[in-house]
Colleague: 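Quick one: this structure, given as structure tokens, is what I'll be asking you about.
Source: prediction; values computed, not measured.
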Amino acid sequence: MSFEQELAEQRREKLKRIEALGYLTYPHRFAYTHTLPQILQMFSSKTAEELMAEKPIVRVCGRLQAIRGHGKAGFADLAQSDARLQVYVRKDAVGDRGFELYQLLDLGDFIGAEGYLFRTRTGEMSLHVTDFIMLSKALLPLPEKWHGLQDLELRYRQRYLDLLANQEVRSVFLARSRLIRALRSAFDQRGFVEVETPMMQPLPGGATAKPFRTHHNALDIDLFLRIAPELYLKRLVVGGLDRVYEINRNFRNEGISTQHNPEFTMLEFYQAYSDYMDLMALTEELLPELAMQTCGTKEIKFGDHIIDFDNISRYSLREAICQFWPDDATRPQLDELSDEKRTADLIKNWNSMFPELDRVPVPDLANPSGGISHGAALALLFEAVCERKLIQPTIIYDFPVEISPLAKSKANEPGWVERFELYIAGMEIANAYSELNDPDEQRRRFEMQMALREKGDAEAHEMDEDYIRALSYGMPPTAGEGIGIDRLAMILTGSRSIRDVILFPLMRPEVPADSETD
RNA sequence: GGGCACGUAGCUCAAUUGGCAGAGCAGGGGACUCUUAAUCCUCAGGUUGCAGGUUCGAUUCCUGCCGUGCUCACCA
């Protein structure tokens with residue numbers, strides 16, 4: 001028997017002794033008069049004399065986080081919802097049977113206690129217990145009380161222990177909850193309707209990504225976990241829901257990193273009769289609002305940076321390449337980026353300047369239909385040159401059409417679309433565009449994607465006939481945006497890894513301890 | 001998937017050049033009726049992630065595997 005099992009056996013033995021004393025071991029409820037946060041709020045300001053005079057009688061409950069015995073008396077710390085109250089148990093106050101129960105308590109047990117509030121000699125408000133019961137026993141020992149739970153693997157696999165032991169982890173997830181509440185309230189106030197669209201889709205669309213595949217037995221069809229809700233939300237705009245939003249999970253069958261979890265939470269919203277400029281304005285309005293409601297400030301500390309959510313700059317993608325180009329001698333002029341030859345030279349230039357980085361692919365001018373397109377190459381060059389430098393909130397607008405199959409072209413520049421992305425802390429946080437609502441143009445864009453797919457791009461967008469049919473009934477001019485909630489939560493909580501803002505990040509399954517290895 | 005680290009008691013961490021695997025917390029027993037990382041005495045707790053190899057001897061060196069982290073690639 002392992003030591004851990006031994007400890008559990010000892011505690012089961014205690015449960016039997018508790019039962020023998022006539023207590024229930026797993027009672028069904030406890031009628032408390034106050035939560036611990038309420039106790040602290042209501043009585044913390046009272047002096048020892050005031051408490052002595054009033055002797056307020058309360059019933060409270062929580063988990064034991066410290067026990068300090070003193071012979072025929074003892075102290076214990078009761079914890080509930082980030083609040084802590086010391087309880088004082090004396091044999092002469094709880095009786096022989098009650099004190100025997102006290103001596104059978106372990107760290108981690110839940111108890112319910114009745115008594116009166118007083119201040120100890122050191123001034124700490126405490127509960128002088130007159131009666132108490134066991135509510136539930138911890139058979140396994142909790143993490144160390146002083147250092148908490150450090151082991152990252154255990155913290156992710158057994159998040160409940162992480163939440164118990166590490167107060168700052170609780171506060172991260174409370175902040176995430178405030179963020180989502182602030183988002184809902186922001187969109188509700190602006191007249192948006194919250195909807196839910198399929199997570200299981202026969203055709204994965206709305207993004208370029210590799211999907212998870214699953215199977216429905218009764219229909220005997222393969223389905224895909226959605227990579228984005230986009231095409232369904234726009235069908236709803238066709239259906240007359242002018243302002244819709246959805247906060248839900250997307251699934252992408254790709255790598256895992258500090259910025260990527262296979263399932264992640266996305267807000268997508270669509271606003272009819274608007275274009276991407278309207279959404280830039282809305283985004284700039286939204287960000288400080290979210291920061292205030294989540295953190296109480298618009299200036300957020302992230303690593304070595306203070307990120308100012310009130311101050312959002314804008315560059316076009318081409319401007320950004322010129323602006324952030326690292327070398328004055330070779331810095332491109334804006335109009336040069338429209339020239340394919342000049343772009344190809346620039347990329348070669350970049351690759352030779354930073355040989356330690358991965359090469360940005362160079363478009364093949366002699367064979368324009370093979371290899372990477374001018375637009376896709378420019379987008380990659382932008383990422384290489386600019387992305388990690390975009391620490392302060394920055395909107396990057398106007399993207400190449402080749403990588404934007406669902407966005408509306410710019411009126412005077414058909415090779416470019418009305419699309420923007422929001423970057424904070426070097427991460428892409430949001431992606432938005434004026435939605436392409438011309439069904440014939442949408443078909444041509446899908447056909448362009450099919451051509452890419454035939455050239456081996458597994459992530460190129462699939463042809464979606466039903467979506468084209470929906471557009472054919474008419475969709476108003478509409479702008480839509482997706483915001484990565486996990487990454488926004490990272491920034492607002494100062495978390496360096498996405499796993500620190502996802503309660504149960506995906507891990508390899510544990511190998512059972514008793515399994516034979518072969 | 002590539003590269004680099006890490007894995008020792010339930011938890012947090014030690015262990016000299018390769019020489020008997022230790023401490024604190026938690027746990028058992030005992031003392032203690034105002035402590036708060038309570039204190040004091042005492043006891044128990046380990047196939048050092050797994051499997052091999054080198055060696056008189058491996059927590060330590062080597063190989064493979066498993067797991068985790070960071071990073072690169074892919075991506076939001």
Side-chain angles (χ1 to χ4, degrees), chain A residues 1-11 13-14 65-77 84-94 99 103 106-108 118-124 126 128 138-158 161 164-165 207-210 227-228 250-268 356-359 380 383 387 421-423 427-431 458-459 482-488 490 496-499 505 507-511 513 515-518:
Chain A
M1 183 159 58
S2 76
F3 185 60
E4 196 171 10
Q5 287 170 321
E6 239 173 79
L7 292 174
E9 273 318 304
Q10 283 172 2
R11 295 187 182 198
E13 205 49 49
K14 288 182 181 179
Q65 292 212 316
I67 298 174
R68 297 178 290 278
H70 281 274
K72 297 182 182 61
F75 291 92
D77 290 340
R84 186 192 73 93
L85 179 70
Q86 177 170 266
V87 300
Y88 182 44
V89 180
R90 294 169 58 118
K91 192 172 188 178
D92 54 14
V94 298
F99 203 71
Q103 287 173 314
D106 285 293
L107 289 188
F118 75 110
R119 282 196 186 277
T120 62
R121 208 160 57 195
T122 55
E124 177 164 351
S126 307
H128 195 117
L139 294 177
L140 292 173
L142 262 43
E144 214 249 6
K145 64 182 172 187
W146 191 241
H147 298 95
L149 188 66
Q150 300 297 323
D151 186 290
L152 271 180
E153 185 175 350
L154 288 182
R155 288 183 45 207
Y156 295 144
R157 286 194 195 281
Q158 296 179 269
L161 295 180
L164 274 177
T208 52
K210 295 187 201 79
I227 55 176
N250 288 348
F251 307 86
R252 299 191 184 174
N253 205 340
E254 287 160 357
I256 295 176
S257 79
T258 48
Q259 291 171 47
H260 301 84
N261 194 62
E263 56 178 312
F264 62 101
T265 302
M266 184 96 146
L267 160 74
E268 276 201 22
E356 75 279 8
L357 297 179
D358 273 20
R359 297 170 61 81
L380 290 174
E383 282 175 25
E387 186 165 15
E421 291 183 343
L422 171 70
Y423 287 85
M427 292 189 289
E428 186 187 333
I429 300 298
N431 179 20
E459 295 184 6
I483 299 178
I485 301 301
D486 312 273
R487 287 182 178 177
L488 193 51
M490 284 170 67
R496 290 204 319 271
S497 168
I498 200 169
R499 285 183 286 272
M507 304 280 276
R508 280 205 157 77
E510 273 181 286
V511 180
S515 75
E516 296 289 323
T517 46
D518 50 358

Colleague: Could you tell me how the ring of Y88(A) sits relative to the ring of H128(A): parallel (under 30°), tilted (30 to 60°) or perpendicular (over 60°)?
Modeller: perpendicular
Colleague: Crowded around R496(A) CZ? As in, over 12 foreign heavy atoms under 6.0 Å?
Modeller: no
Colleague: Find the partner of U68(B): check Watson-Crick (N1-N3 plus N6-O4 or O6-N4) and G-U wobble (N1-O2, O6-N3) distances, both under 3.5 Å, and reply none if neither fits.
Modeller: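 Pair assignment: U68(B) / A5(B).
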Colleague: Quick one: M490(A) CE to A76(B) C1', roughly how many Å, whole number?
Modeller: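 It is 11 Å, rounded to the nearest whole Å.
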Colleague: Side chain of E124(A) only, heavy atoms from C-beta on: which candidate in C32(B), A26(B), U35(B) is closest?
Modeller: U35(B)
Colleague: Return the nearest nucleotide to the side chain of R121(A); candidates are G69(B), C34(B), A38(B).
Modeller: C34(B)
Colleague: Going by atom types only, do T208(A) and E459(A) share a side-chain donor-acceptor pair under 3.5 Å?
Modeller: no
Colleague: Mind calculating the distance between CZ (R155(A)) and P (U68(B)) to the nearest angstrom?
Modeller: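 The answer, rounded to whole Å, is 15 Å.
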Colleague: Over how many whole Å does the gap from L85(A) atom CG to U35(B) atom P extend?
Modeller: 17 Å
Colleague: Quick check on RNA chain B: between R508(A) and S497(A), whose nearest nucleotide comes earlier from the 5' end?
Modeller: R508(A)
Colleague: Which residues pass the salt bridge (charged side-chain N to carboxylate O under 4.0 Å, His left out) test with K14(A), not counting sequence neighbours?
Modeller: D106(A)
Colleague: Please report the closest heavy-atom contact between A209(A) and I227(A), naming both atoms and the distance.
Modeller: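 Closest heavy-atom pair between A209(A) and I227(A): O-CD1, 3.9 Å.
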Colleague: Looking only at side-chain atoms of T258(A), point me to the closest of C70(B), C34(B), G67(B).
Modeller: C70(B)
Colleague: Under 4.0 Å, counting only non-hydrogen atoms across every strand here, what does N261(A) touch: a base, just sugar-phosphate, or nothing?
Modeller: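 The residue N261(A) makes base contact.
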Colleague: If you check every side-chain atom of E153(A), which of G67(B), G28(B), U35(B) has the closest atom?
Modeller: G67(B)
Colleague: By salt bridge (charged side-chain N to carboxylate O under 4.0 Å, His left out), which residues pair with E153(A), not counting sequence neighbours?
Modeller: R157(A)
Colleague: Hunt down the Watson-Crick or G-U wobble partner of U39(B), both distances under 3.5 Å, from any strand shown, or write none.
Modeller: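 The base-pairing partner of U39(B), which may sit in any strand shown, is A31(B).
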Colleague: What pairs of nitrogen or oxygen atoms, one from the protein and one from nucleotides 5-14 of chain B, lie under 3.5 Å apart?
Modeller:
| residue | atom | partner | partner atom | Å |
| --- | --- | --- | --- | --- |
| C11(B) | O2' | E144(A) | N | 3.1 |
| C11(B) | O2' | G148(A) | O | 3.4 |
| U12(B) | OP1 | Q150(A) | N | 3.0 |
| U12(B) | OP1 | D151(A) | N | 2.8 |

Colleague: Partner of A51(B) by Watson-Crick or G-U wobble geometry, both contacts under 3.5 Å, or none?
Modeller: U63(B)
Colleague: For a quick check of understanding: with a heavy-atom distance under 4.0 Å over all strands, which category does R499(A) fall into, base, sugar-phosphate or nothing?
Modeller: sugar-phosphate
